[in-house]
Amino acid sequence: MAFLGEEIKKLGFGMMRLPQKDGKIDIEETKKMVDLYMKAGFTYFDTAFCYGGSEDATRQALVERYPRESFQLATKLSAWLNCNSKEDCIKQFETSLRQLGTDYFDFYLLHNLGPKRTHFYEEYGLWNWAFEQKAAGKIKHVGFSFHGGPEELEDILTKHPEAEFVQLQINYADWENKDIASRRCYEICRAHGKPVIVMEPIKGGFLATPPENVVKVFKDAEPENSVASWAVRFCADLEGIITVLSGMSTVQQVEDNLSYMKDFKHFDEGQKKVIEKAQEELLKVPLVPCTDCNYCTKVCPVDIGIPGTFKCLNLYKLYGNVASAKVHLQWNVDGPGKQRSEKCIKCGRCEMACPQHIDIRNQLSAATELFK
């Protein structure tokens with residue numbers, strides 16, 4: 001896509017899941033991945049201050065080895081992370097410039113706007129500040145990444161029409177998800193005339209290993225292509241997409257992504273129907289029917305994070321990846337400061353309050369066993 005005169009191919013390199021060696025990012029392996037990606041004509045690299053080591057690794061593997069004008073570099077300002085003032089945020093910006101070894105950023109994002117985080121950017125005056133940095137030549141394009149609901153996104157874009165782009169979580173599994181609402185958020189951006197950068201197209205790796213009934217749908221249609229390729233191409237097929245970020249961890253993942261994105265072609269009608277069938281198959285997986293109404297948490301005497309636990313239990317049921325589900329447990333339960341399922345005292349008050357009639361105690365016991 002041509003974005004304000006810059007031609008950017010539809011595959012972006014997410015530098016957050018880089019290969020590890022002896023507990024540290026493997027710089028030499030990362031260099032090989034960067035070289036493959038650049039050789040294929042791709043140029044967009046995405047990192048973030050809050051991902052420890054990512055900016056340093058990006059400097060060593062990319063910035064110090066290629067002419068600065070040969071690639072686009074994106075990083076993010078996390079105002080909610082150990083920042084108590086505008087001055088703290090400015091220090092974070094300056095640290096990113098230093099860690100990445102650059103004088104400017106092609107894309108600079110106000111990071112992770114959403115419930116309980118958006119207000120920091122308003123209170124610290126960071127919108128005006130970011131565009132001041134653009135005027136000074138330290139930023140080319142200012143946008144934001146968003147993890148929240150459609151109503152909040154609508155409000156942000158109405159208040160800040162100056163935003164040049166939005167980074168959204170989009171994938172075929174979350175397209176109609178009531179919590180993430182990928183489709184509705186995407187449509188709001190389009191209605192406001194904002195181009196979109198896609199994050200989480202493979203849902204943190206989950207859509208590389210979906211349930212077997214979904215794998216069968218894709219393999220029956222295109223046995224030669226990887227299951228993950230459908231997830232990335234679904235996003236790239238949308239209109240108004242600047243690029244689709246893939247957090248690549250191995251040379252093999254880079255090679256696979258390049259194999260179908262180097263000469264990307266939009267889906268035909270048959271391929272669109274394959275995606276629809278895969279979405280239908282996902283709906284057949286028996287999940288805990290929690291609607292996140294939080295009636296249960298209002299009556300729980302020990303403050304168990306019941307809806308958050310069920311989200312993670314459902315992730316495991318869908319994708320069979322217990323390690324990734326455990327990471328999400330930290331975000332959905334520990335992050336909000338709730339108790340984990342093993343603290344449940346089996347009083348049953350939650351079940352009396354639940355409008356979905358879920359056998360909550362048994363499901364929490366299953367979660368305790370799974371996530372121990």
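Only a predicted model underlies this, so the values are computations on that prediction, with no experimental measurement involved.
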Counting neighbours of [atom1] on [X] that are heavy atoms of other residues, nucleotides or ligands and sit closer than 6.0 Å, is the number greater than 12?
X      : atom1 : value
Asp103 : CG    : no
Lys372 : NZ    : no
Lys219 : NZ    : yes
Lys24  : NZ    : no
Lys138 : NZ    : no
Tyr316 : OH    : no
Arg349 : CZ    : no
Lys326 : NZ    : yes

Minimal non-hydrogen separation, [X] against [Y], with atom names:
X      : Y      : answer
Gly52  : Ile25  : O-CD1, 4.4 Å
Leu109 : Ala74  : CD1-CB, 4.3 Å
Pro115 : Gly148 : CD-CA, 3.9 Å
Gly305 : Val333 : O-CG2, 3.7 Å
Ser78  : His111 : OG-ND1, 2.8 Å

Side-chain ion pair, [X] and [Y], N-O less than 4.0 Å:
X      : Y      : answer
Lys21  : Glu29  : no
Arg190 : Glu187 : no
Glu164 : Lys194 : no
Glu151 : Arg184 : yes
Lys39  : Asp35  : no
Glu222 : Arg233 : yes

>> One pair to check against side-chain contact (heavy atoms from CB on, under 4.5 Å): Gln253 and Asp256. What are the steps and the verdict?
In response: CA-CA 5 Å; Gln253 288 176 2; Asp256 181 53; 5.7 Å; no
Reported [atom1]-to-[atom2] distance for the pair [X] and [Y], which is rounded to 0.5 angstrom:
X      : Y      : atom1 : atom2 : value
Phe45  : Tyr66  : CZ    : OH    : 7.5 Å
His147 : Leu168 : NE2   : CG    : 9.0 Å
Leu364 : Glu342 : CG    : CD    : 10.0 Å
Leu258 : Met248 : CG    : CE    : 6.5 Å
Phe120 : Leu77  : CZ    : CG    : 12.0 Å
Gln167 : Asp46  : CD    : CG    : 5.0 Å

Ignoring hydrogens and geometry beyond distance, is a side-chain donor-acceptor pair present between [X] and [Y] at under 3.5 Å?
X      : Y      : result
Arg68  : Thr102 : yes
Glu200 : Gln169 : no
Asp303 : Gln339 : no
Asn294 : Thr297 : yes
Lys178 : Thr291 : no
Thr47  : Ser54  : yes
Asn257 : Ser246 : yes
Thr368 : Ser341 : yes

Single-linkage hydrophobic cluster [X]~[Y], side-chain heavy atoms < 4.5 angstrom:
X      : Y      : result
Ile197 : Phe264 : yes
Leu157 : Leu113 : yes
Ile27  : Met38  : yes
Val215 : Leu315 : yes
Val166 : Trp175 : yes

> Taking it one step at a time, do Phe144 and Phe165 satisfy ring pair (Phe, Tyr, Trp, His ring centres under 6.0 Å)?
Replying inline: CA-CA 7 Å; Phe144 64 97; Phe165 64 95; 8.2 Å; no
>> Please identify which of these residues, Tyr319, Phe206, Phe371, Phe310, meets the ring-ring contact (aromatic ring centres under 6.0 Å, His included) condition with His328.
In response: Phe206
>> Quick check on ring-ring contact (aromatic ring centres under 6.0 Å, His included): which of Trp230, Tyr260, Phe234 does Phe267 satisfy it with?
In response: Trp230
> Is NZ or CZ of Lys9 both nearer than 6.0 Å to the six-membered ring centre of Phe42 and within 45° of the ring axis?
Replying inline: yes
> Going through the distances and angles, do Trp80 and Tyr121 end up as a ring pair (Phe, Tyr, Trp, His ring centres under 6.0 Å)?
Replying inline: CA-CA 9 Å; Trp80 39 266; Tyr121 299 95; 8.2 Å; no
> Who else is in Tyr51's hydrophobic cluster (ILVMFWY, side-chain heavy atoms under 4.5 Å, direct or via others)?
Replying inline: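 Tyr51 shares its hydrophobic cluster with Met16.
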> Are the aromatic ring centres of Trp129 and Phe93 under 6.0 angstrom apart?
Replying inline: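 Yes, ring centres under 6.0 Å apart.
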>> Among Lys265, Lys10, His266, which residue satisfies the side-chain contact (heavy atoms from CB on, under 4.5 Å) criterion with Asp237?
In response: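 Single side-chain contact (heavy atoms from CB on, under 4.5 Å) partner of Asp237 among Lys265, Lys10, His266: His266.
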> After noting the C-alpha distance and the side-chain angles of Ile170 and Arg183, does the key distance pass the side-chain contact (heavy atoms from CB on, under 4.5 Å) rule?
Replying inline: CA-CA 8 Å; Ile170 297 177; Arg183 178 183 59 79; over 6 Å; no
> Yes or no on side-chain contact (heavy atoms from CB on, under 4.5 Å) for Tyr172 and Val214, after CA distance, side-chain angles and deciding distance?
Replying inline: CA-CA 12 Å; Tyr172 69 80; Val214 177; 3.9 Å; yes
